[in-house]
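We name chains A, B, ... by the order of the sequence lines, and we start the count at 1 in each one. Computed from a prediction, not measured in an experiment: that's the story for all the values here.
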2 protein chains.
Amino acid sequence: MKKENKSLTASMEDYLEMIYRLSVDTGFTRIHELSSALNVRPPSATKMVQRLAELKLIKYEKYGVLILEENGKLLGSELLKRHNIIENFIKIIGVDETNALEETEKIEHTVSTKTIECIDTFLHFIEENPDVLTQYYQYRFEHTSEQ
Amino acid sequence: MKKENKSLTASMEDYLEMIYRLSVDTGFTRIHELSSALNVRPPSATKMVQRLAELKLIKYEKYGVLILEENGKLLGSELLKRHNIIENFIKIIGVDETNALEETEKIEHTVSTKTIECIDTFLHFIEENPDVLTQYYQYRFEHTSEQ
DNA sequence: AAACAAACTTAGCTAAAACTAATATATTTT
DNA sequence: AAAATATATTAGTTTTAGCTAAGTTTGTTT
């Protein structure tokens, strides 16, 4: 087995993750749904989808529906998991909801698996030690008057 | 008034930050020093430097030395501060030294000022509550056998 | 001061990822 | 079923940031 699939660009990851999210219920999604979810024009989505199809991550036929291949589904769910770890973390340290998503999207494609693991461990730690968070928020409150 | 300086690309920030680091002692740096520090070929550095000069962030003359303008110095030091915040944070959550720098470089250009502020606050909190860190490392130790 | 080496610049190419405009296909309405 | 609408694709352009190759300028040696 070779690595093969691991060299997705940040954008490709964005697309794949979104395809995963959009098709998790229905089993499929479409170009216009994808493109509007990513705030991108349809031609951009088409092009990327064709590349993902070449990599056998999704099944795609012209004018048709987008369906994840087994590989794509696996990778997609990993990407989503990663996304959620970052997002939880970003929220916990105090970035407000309005910006949290955006910040998450910016970070998620850049950091390594190791870093994600660290963040995940940290989140679990916080979960089991909620008093730490209380302390932190108290501290934040005292040290953040007007922004 | 036009857009002014605030819309630097991630790369431009990389270059500016590095110029700042390299010239903080001597007051100047050079293309080849910059390009090798950034692992980039000299022509790439030249091109970017010309753009930064157009934005009045550095003083630059062909075949000459690179010197930060007042604006550039200010922005550069902010970028470096940001870098250090991220780096400290990354190390604190447990990313090992070997990867910390790389991870920092990947994150630093993506996140917003607000997020940086949150991270900074968190770092200060940790500083004033070292016991939290001790607890966390204990937890980490228990939940991280072999990677 | 001539020759050589090092540093730098220019020109031109590549790749990713976005865009618009034009065209093609599919679906829905009448 | 024809017309109208919605959805997709293709082709071609743009921007950013890298690269190589070739040519300039500067500096260092002899």
Would you indicate which nucleotide in dA8(D), dA21(D), dC8(C) comes nearest to any side-chain atom of Ile31(A)?
-> dA8(D)
Separation of [X] atom [atom1] from [N] atom [atom2], in whole Å?
X	N	atom1	atom2	value
Glu61(B)	dA7(C)	CD	C1'	16 Å
Phe28(A)	dA8(D)	CZ	C1'	16 Å
Leu38(B)	dG18(D)	CG	P	8 Å

Derivation and outcome, ring-ring contact (aromatic ring centres under 6.0 Å, His included), residues Phe122(A) and Phe122(B) | CA-CA 13 Å; Phe122(A) 179 75; Phe122(B) 179 74; 5.5 Å; yes
So which protein nitrogen or oxygen atoms get under 3.5 Å of nucleotides 23-28 of chain D's nitrogens or oxygens?
{"residue": "dT24(D)", "atom": "O2", "partner": "Tyr63(B)", "partner atom": "OH", "Å": "3.3"}

Trace of the side-chain hydrogen bond (donor to acceptor under 3.5 Å, both in side chains) decision for Glu87(A) with His83(A) | CA-CA 6 Å; Glu87(A) 189 175 2; His83(A) 176 100; 3.2 Å; yes
Is [X] close enough to [N] that one of its side-chain N or O atoms is under 4.0 Å from OP1 or OP2 there?
X	N	answer
His32(A)	dA6(D)	no
Gln50(A)	dA8(D)	no
Arg41(B)	dT20(D)	yes

Decide yes or no for Val111(A) and Ile116(A): does some side-chain heavy atom of the first lie under 4.5 Å from some side-chain heavy atom of the second?
-> yes
Carboxylate-amine/guanidinium contact [X] [Y], below 4.0 Å:
X	Y	answer
Glu17(A)	Arg82(A)	no
Glu78(B)	Lys81(B)	no
Arg30(B)	Glu33(B)	no

Short heteroatom pairs, N/O only, protein and nucleotides 13-17 of chain D, under 3.5 Å:
{"residue": "dA17(D)", "atom": "OP1", "partner": "Thr9(B)", "partner atom": "OG1", "Å": "2.5"}
{"residue": "dA17(D)", "atom": "OP1", "partner": "Ser11(B)", "partner atom": "OG", "Å": "3.4"}
{"residue": "dA17(D)", "atom": "OP2", "partner": "Arg51(B)", "partner atom": "NH1", "Å": "2.5"}
{"residue": "dA17(D)", "atom": "OP2", "partner": "Arg51(B)", "partner atom": "NH2", "Å": "3.4"}

Taking it one step at a time, do Glu69(B) and Lys73(B) satisfy salt bridge (Lys or Arg N to Asp or Glu O under 4.0 Å)?
-> CA-CA 6 Å; Glu69(B) 298 272 14; Lys73(B) 216 177 284 182; over 6 Å; no
For Lys106(B) and Glu103(B), run salt bridge (Lys or Arg N to Asp or Glu O under 4.0 Å): C-alpha distance rounded to whole Å, both residues' side-chain angles, the deciding distance at 0.1 Å, then the answer.
-> CA-CA 5 Å; Lys106(B) 289 187 291 186; Glu103(B) 290 297 288; 2.7 Å; yes
